[in-house]
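Comments concern the structure below.
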Amino acid sequence: MSEEIQVMDSNTEVLLEKGKKDGADTIWDRKAAMKTPCGFGEKGICCRICAMGPCRISPTKDKGAQKGLCGATADTIVARNFARMVAAGTAAHSDHARDIAHVLYMASEDGNYKVKDAGKLMNLAKEWDIKTENRDLYDIAHEVAETALNEFGKPFGTLKFLKRAPYQRQQVWSEQKIEPRAIDREVTSLMHSTHIGCASDPDSIFELSMRTALSDGWGGSMIGTELSDILFGTPTACATQANLGVIEKNMVNILLHGHDPSFSEMMVYASEDPELVKLAKENGADGINLVGMCCTGNEITMRHGVRIAGNFYQQELAIITGAIEAAIVDVQCIFPALADLSDLYHTKFIATSPKAKITGAEYIEFVEEKALETCKGIIKEAVLNFKNRDMENVLIPDNKSHANVGYSVETIIQCLDRVVNSYTDEFNTVKPLADVIWAGVLRGAAGIVGCNNPKVRYDESHITIMKELIKNDVIVVASGCAAQAAAKAGLMTMEAKELCGRGLKEVCERVGIPPVLHMGSCVDISRILDIVSRVAKEKDLDNRDLPVVGAAPEWMSEKAVAIGTYVVASGIDTFLGITPQVTGSEYFVDLLTNRVEENVGAKFYFEENPTECARKILERIEEKREKLGI
Ligand code: NFS
């Protein structure tokens, strides 16, 4: 165990202590065992793209190797490594979206999957010029799904959702030649460009990275969000709880972890099956308690209020409680370590996706055609495992916080409609939001997103930045594990208005919202792009003009690199609390944190100190306000 335990909530401390007694190996231990990370990797100057190497560029100028065997410089190598992270991140979000599109394509009136939000389907059909009059709902759904699937590989044209951006932004993309075409094409093309002997110009590699990343934000992720809402319902405001204290002593606890809502939705329905609940009771439990983790946790809390067990860093701790009958996973952000850890307890660790088979996990393939049946089977396994729990070795910490979640763009607009008469006579728009920003009641808005990372104290950067911003009348929207950090810290309650400045407090009271709004999973950052663009369009401006920022204070995944890049390319400054592995090239760092602004009107900031990061965010917001003359 590391001497310096980097945690900030007591649940985590209590369970790390228990884990130690149980002989569990956690990320904290592995981090300590890792000692100093590889200096070349950390700076992004190790190239293993071909088999002549790996080539390592000396971090000291004029001393040691300055070029790889092919002649690639540190600038090229850093740019290529960064680009490949963007490609992988875009692939992950978009492949998730493709699965959802396939599910919409197979949806039917009498099947497992139905259309839940017909209104949203009709709106999207109209947006995409798909005929709706006198047509069966499912015919329309299938054509929408097929059109979405074509976005991945269409041979001509650019992505349909680009038109949702303010026209000024579309112009920037067109001038910079970074309008993404088909999603798969962008990922493939970027992998090609970064192959040995292809692009070496870092500026060009970054432009290609922006184009690929945009095919995530305005392509894969947006398709994922839209089609999930159509299938499973657009989230509406609801109450939930968050933190490991949501695990129940006398219930069959099922931890759902991963990302794909077509699986988790079905698990929610299956867990409510009266026969299974009866079986749980026959086995001595009070019932079935489904709890969520990471983005799957976000998907099911947004749509059903299913309680959140925790975020990325807590996946092991949940199992260490000794009270999880089954940890069930699909894709992304799953520690392979859960397999060995589960062996220490009675927990069944079940992988379900052919895309993410995990050594040591039981594998029950989730097949969409037999979705409900498969999910019921999995839940039955968990229920039957309750009797194997060692009650003597259960420790469920008490902490859990209340949270209000479910703030889709539609729900935010509905909330704004409540105050429409005080500010404006128009319903169903973001005008009241734009107006309070222009009036200075709110100074601006920040999207705080992303993961946990052992390089910083767990959740602390998220919470410090959020608290500082709301204190200064900046409204926060959050997604991913950052949103779960906020939920655990109580920032998603109505009472959190007491932590706000006067302006934001008044907005929270009048609109009836918490100061930090949960907008969903990481693909749902497309909701944030949507609302920012609506505000920009309301004022006939580009996103770059607005006093809004993005921040990923504790990011770690390739998906986060894709997100940061498309947020910047969308004209929104992005603050990274973890410095990406690019510091081996001053040239590339300067491109990301300075020169890119000339091209797309926004840039990255690297700032690891959360208080300083919040200060810089506020400064930037005020700069934008000054430029607008507001
Ligand atoms: Ni986002 Fe979701 Fe969490 Fe990070 Fe992983 S769960 S897709 S990548 S760790 S925020």
Side-chain angles (χ1 to χ4, degrees), residues 24-27 30 88 91-93 95-100 102-103 112 224 247 252-271 276 288 290-300 306 309-321 323-386 388 451 481 521-523 557-559:
D25 174 54
T26 66
I27 185 168
R30 295 189 295 275
H93 283 144
D95 203 36
H96 158 162
R98 186 197 329 259
D99 286 348
I100 306 283
H102 275 291
V103 170
N112 280 176
I247 296 168
V252 172
N253 292 301
I254 300 177
L255 180 75
L256 260 191
H257 173 18
H259 283 78
D260 182 350
S262 45
F263 174 57
S264 52
E265 276 288 313
M266 215 39 86
M267 287 293 288
V268 174
Y269 294 122
S271 71
L276 288 168
I288 298 171
L290 196 67
V291 295
M293 177 137 296
C294 285
C295 281
T296 265
N298 288 325
E299 297 278 358
I300 54 183
V306 170
N311 51 2
F312 184 62
Y313 229 47
Q314 277 168 310
Q315 51 188 290
E316 292 172 306
L317 303 178
I319 292 175
I320 292 174
T321 61
I324 299 289
E325 274 53 60
I328 302 159
V329 300
D330 54 21
V331 290
Q332 301 171 20
C333 301
I334 301 145
F335 288 176
L338 298 189
D340 284 348
L341 185 65
S342 300
D343 286 346
L344 280 185
Y345 303 90
H346 74 303
T347 307
K348 277 181 178 282
F349 178 44
I350 303 174
T352 59
S353 169
K355 293 177 195 176
K357 290 190 178 177
I358 300 171
T359 310
E362 186 181 334
Y363 182 65
I364 302 179
E365 188 157 319
F366 175 67
V367 190
E368 281 90 349
E369 284 75 10
K370 290 188 256 164
L372 194 56
E373 197 185 319
T374 316
C375 289
K376 282 187 186 171
I378 294 173
I379 290 180
K380 191 171 175 188
E381 283 226 22
V383 168
L384 295 177
N385 195 25
F386 182 72
N388 298 324
C451 329
C481 292
S521 65
C522 291
V523 292
S557 73
E558 290 164 318
K559 290 178 285 179

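Heavy-atom basis, side chains included; hydrogens, waters and symmetry copies ignored. All of these numbers come straight from a predicted model, not from anything done at the bench.
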Measure across [X] and [Y] and return the closest heavy-atom pair with its distance rounded to 0.1 Å.
X: A339; Y: A361; result: CB-N, 4.3 Å
X: I378; Y: I350; result: CG2-CD1, 4.2 Å
X: N311; Y: C481; result: ND2-O, 3.1 Å
X: I319; Y: A327; result: CD1-CB, 4.1 Å
X: I320; Y: T26; result: CD1-CG2, 3.7 Å
X: A309; Y: Q314; result: O-OE1, 4.1 Å

Tell me if a side-chain donor or acceptor on [X] pairs with a main-chain N or O of [Y] at a distance below 3.5 Å.
X: Q315; Y: F312; result: yes
X: D330; Y: D260; result: yes
X: Q332; Y: A92; result: yes
X: N253; Y: V291; result: no

Spatial distance of atom [atom1] ([X]) from atom [atom2] ([Y]) [nearest 0.5 Å]:
X: I328; Y: E362; atom1: CD1; atom2: CD; result: 9.5 Å
X: T321; Y: L317; atom1: OG1; atom2: CG; result: 9.0 Å
X: K348; Y: I254; atom1: NZ; atom2: CD1; result: 12.0 Å
X: H93; Y: E558; atom1: NE2; atom2: CD; result: 11.0 Å
X: T296; Y: H257; atom1: OG1; atom2: NE2; result: 8.5 Å
X: S353; Y: Y363; atom1: OG; atom2: OH; result: 6.0 Å

### Message
Would E325 and H346 count as a side chain to side chain contact (heavy atoms under 4.5 Å, CB included) here? Give the steps.
### Response
CA-CA 7 Å; E325 274 53 60; H346 74 303; 2.7 Å; yes
Taking the side chain as every heavy atom from C-beta outward, state whether [X] and [Y] have any pair of such atoms under 4.5 Å apart.
X: E365; Y: T352; value: no
X: I100; Y: H96; value: yes
X: I300; Y: M267; value: no
X: F263; Y: T374; value: no
X: V329; Y: F349; value: yes
X: V383; Y: K380; value: no
X: E368; Y: N112; value: no
X: I288; Y: I379; value: yes

### Query
Hey, are H259 and K559 close enough side-chain-wise for a donor-acceptor pair under 3.5 Å?
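There is such a pair (donor and acceptor under 3.5 Å, judged by atom type) between the side chains of K559 and H259.
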#### Entry: CA sep, side-chain torsions, deciding dist, call: E265, V268, side chain to side chain contact (heavy atoms under 4.5 Å, CB included)
CA-CA 5 Å; E265 276 288 313; V268 174; 5.5 Å; no
### Task
Check the surroundings of atom NZ in K370: do more than 12 heavy atoms from other residues, nucleotides or ligands lie under 6.0 Å from it?
no
### Task
Would you sort out whether Y345 and I324 count as a side chain to side chain contact (heavy atoms under 4.5 Å, CB included), showing the intermediate values?
CA-CA 9 Å; Y345 303 90; I324 299 289; over 6 Å; no
